Amino acid sequence: MNKSPSLDQKTPKNGVQPQAQAPILLEVDRLKKYFPITRGLLSRVVGHVKAVDDVSFFIRQGETLGLVGESGCGKTTTGRVIVRALDPTGGNIWFTTPDMGRVNLAEVKGRALTRLRQSMQMVFQDPYSSLNPRMTLLENVGEPLYVHGIARGREIEERVAELLKVVGLRAEYMNRYPHAFSGGQRQRIGIARALALNPQLVICDEPVSALDVSVQAQILNLLQDLQEQFGLTYLFVAHDLSVVEHISDRVAVMYVGQIVESATTTALFTHPLHPYTEALLSAVPKPDPAVRAEPLILPGEVANPANPPSGCYFHPRCAYSDGKRCREEAPQLREVEPEHWVRCHYAEDLELKPVALL
């Protein structure tokens, strides 16, 4: 039986190696996830919902990538495909581990996948439904240790007690059930469970959207403290740009299953290059009551991922569309400036307003 790994084995985020020079931990290359549409008694496939359509990004070790966009754009599906809760339709998911090296998660199966899952964990959106109500905290948090054969009996109790203390809960709570805790406390329990296997990558699927604002700040600060303490790498899925700005090193913007812009947080908020990003930033609440900027109202509806428009998916709602090229030619995600990628034909020619000026 393997001994449970210690919580203090990770390298701090602000360690010897600067974050900008840190190696790439996760690289997603042209990832696709299509869900079939069936009809009739024979369930004949008549189409596909393109939930994730040609998504590419990377995350360096020890950093946080914020993944933002409207509801239904494919953010959560992207996270679930990365941890192989869903099988990808196409593309590659390159993940680097100390013991197995660089591995394509899209092709791994069986015991190798089970082994890799120890290095990838998720924190779910709803703290009320993500915990088994019939299991105590000891059983909820300790289950990953038991399933992966890392600890048994007294070892699990010691590990769970340590994890609860790390996330700000008392060790004697381990024999209580989830219903005895508030939403913020339940999310702390979910974070403790995600840390049980000492992962490298944690995918946070809107972890604060179901919480009160004051509790949101506590959970965000906890996530940042844990990242510095254990050298964690986050994929932070959210739709609240103010939250993303607070916690993320870089931000990727999704629209109808595609990444339309990706840049450092500072660059994206001060110098957006895609019209959709400009519209999202215009909706960020301003802290100054004297500022009465109106959000940009996009015409029409979000494109149907089962039947997206030709060319650029955003062109029917874009105020800068030229018509023909945007309608007929699909733009590619390209690096327009250093560390700044955008999916737009005319990114270099547009003068878009940053969040501070809207």
Side-chain angles (χ1 to χ4, degrees), residues 27-37 45-58 65-78 81 88-93 106 237 239 241 250-263 267-268 271-283 295-354 358:
E27 183 178 359
V28 176
D29 178 32
R30 305 184 72 86
L31 183 65
K32 297 180 175 65
K33 178 57 183 178
Y34 298 168
F35 294 96
I37 302 173
V45 176
V46 296
H48 291 87
V49 176
K50 298 180 179 180
V52 179
D53 188 17
D54 193 26
V55 164
S56 298
F57 60 83
F58 65 89
L65 175 68
L67 188 60
V68 302
E70 295 172 276
S71 297
C73 70
K75 306 184 301 295
T76 295
T77 303
T78 299
V81 172
T89 303
N92 301 302
I93 309 166
V237 177
H239 61 265
L241 283 171
R250 294 186 300 110
V251 180
V253 180
M254 284 192 74
Y255 182 77
V256 193
Q258 294 184 335
I259 299 291
V260 296
E261 186 168 2
S262 176
L268 189 123
H271 182 46
L273 295 178
H274 197 281
Y276 179 64
T277 306
E278 180 189 38
L280 286 182
L281 294 179
S282 73
L296 299 177
I297 306 299
L298 295 175
E301 300 292 336
V302 178
N304 181 2
N307 185 27
S310 60
C312 175
Y313 287 1
F314 187 65
H315 87 263
R317 311 179 70 192
C318 181
Y320 307 97
S321 173
D322 69 346
K324 184 175 182 181
R325 186 182 182 191
C326 295
R327 184 175 60 250
E328 297 178 355
E329 182 183 344
Q332 300 299 312
L333 188 66
R334 54 197 176 89
E335 189 173 12
V336 175
E337 298 176 356
E339 296 285 315
H340 201 149
W341 287 263
V342 64
R343 191 186 296 269
C344 178
H345 294 305
Y346 303 107
E348 296 91 339
D349 303 325
L350 301 180
E351 295 182 5
L352 306 181
K353 297 179 181 179
L358 286 163

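Predicted model, so just to flag it, every value in this text is computed and none were measured.
Here the closest heavy-atom approach between residue Val28 and residue Val55 is recorded as CG1-O, 3.4 Å. Pairing each heavy atom of Val336 with each of Val342, the nearest pair is CG2-CG1, 3.1 Å. For the pair Tyr255 and Tyr313, the tightest heavy-atom approach, listed with the atom from each and the gap, is CE2-O, 3.7 Å. The two residues Glu278 and Lys353 have their closest heavy-atom pair at OE2-N, 3.1 Å. Shortest non-hydrogen contact noted between Lys75 and Gly69 is NZ-O, 3.2 Å. Between Ser282 and Leu296, the shortest heavy-atom distance links the atoms OG-N, 2.9 Å.
For the ring pair (Phe, Tyr, Trp, His ring centres under 6.0 Å) test, no residue two or more places apart in sequence or in another chain qualifies with Phe35.
Counting heavy atoms from C-beta on, the side chains of Pro36 and His48 come closer than 4.5 Å. Here the side chains of Leu352 and Thr277 are not in contact, with every heavy-atom distance at 4.5 Å or above.
Formation of a donor-acceptor pair under 3.5 Å by the Lys50 side chain with backbone atoms of Gly257 is not found in this model. A distance-only check finds no donor-acceptor pair linking the side chain of Glu261 to the backbone of Pro272 [under 3.5 Å]. Formation of a donor-acceptor pair under 3.5 Å by the His345 side chain with backbone atoms of Glu329 is found in this model.
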Listed pairs under 3.5 Å, donor-acceptor, residues 301-308 side chains, sequence neighbours left out:
| unit_1 | atom_1 | unit_2 | atom_2 | d |
| --- | --- | --- | --- | --- |
| Asn304 | OD1 | Ala306 | N | 3.0 |

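For the pair Arg325 and Tyr346, the cation-pi test (distance below 6.0 Å, angle within 45°) is passed. Both the sub-6.0 Å distance and the 45° axial angle are not jointly satisfied by Arg317 relative to the ring of Tyr276.
Here NZ of Lys32 is found 12.5 Å from OG1 of Thr78. Values are rounded to the nearest 0.5 Å. Between the CD1 atom of Ile259 and the CG atom of Leu67 there is a distance of 5.0 Å, given to the nearest 0.5 Å. Distance OG/Ser56 to CD/Gln258: 10.0 Å, rounded to 0.5 Å. Atom CZ in Arg334 sits 11.0 Å away from atom NE2 in His340 (nearest 0.5 Å). Distance check, rounded to the nearest 0.5 Å: CZ of Arg30 to CG of Leu333 gives 9.5 Å. Asp53 contributes atom CG, which lies 10.0 Å from atom OG1 of Thr89 (distance to the nearest 0.5 angstrom).
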**OP:** Evaluate the criterion side-chain contact (heavy atoms from CB on, under 4.5 Å) for residue pair Asp54 and Arg343; output intermediate values, then yes/no.
**Re:** CA-CA 11 Å; Asp54 193 26; Arg343 191 186 296 269; 3.7 Å; yes
**OP:** Please test Ser310 against Arg327 for side-chain contact (heavy atoms from CB on, under 4.5 Å), starting from the C-alpha separation and ending with a verdict.
**Re:** CA-CA 6 Å; Ser310 60; Arg327 184 175 60 250; 4.0 Å; yes
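Each of Cys326, Pro275, Pro331 was checked for a side chain to side chain contact (heavy atoms under 4.5 Å, CB included) with His315, and the lone residue meeting it is Cys326.
Between His274 and Phe314, the ring planes are tilted. Angles from 30° to 60° get that label.
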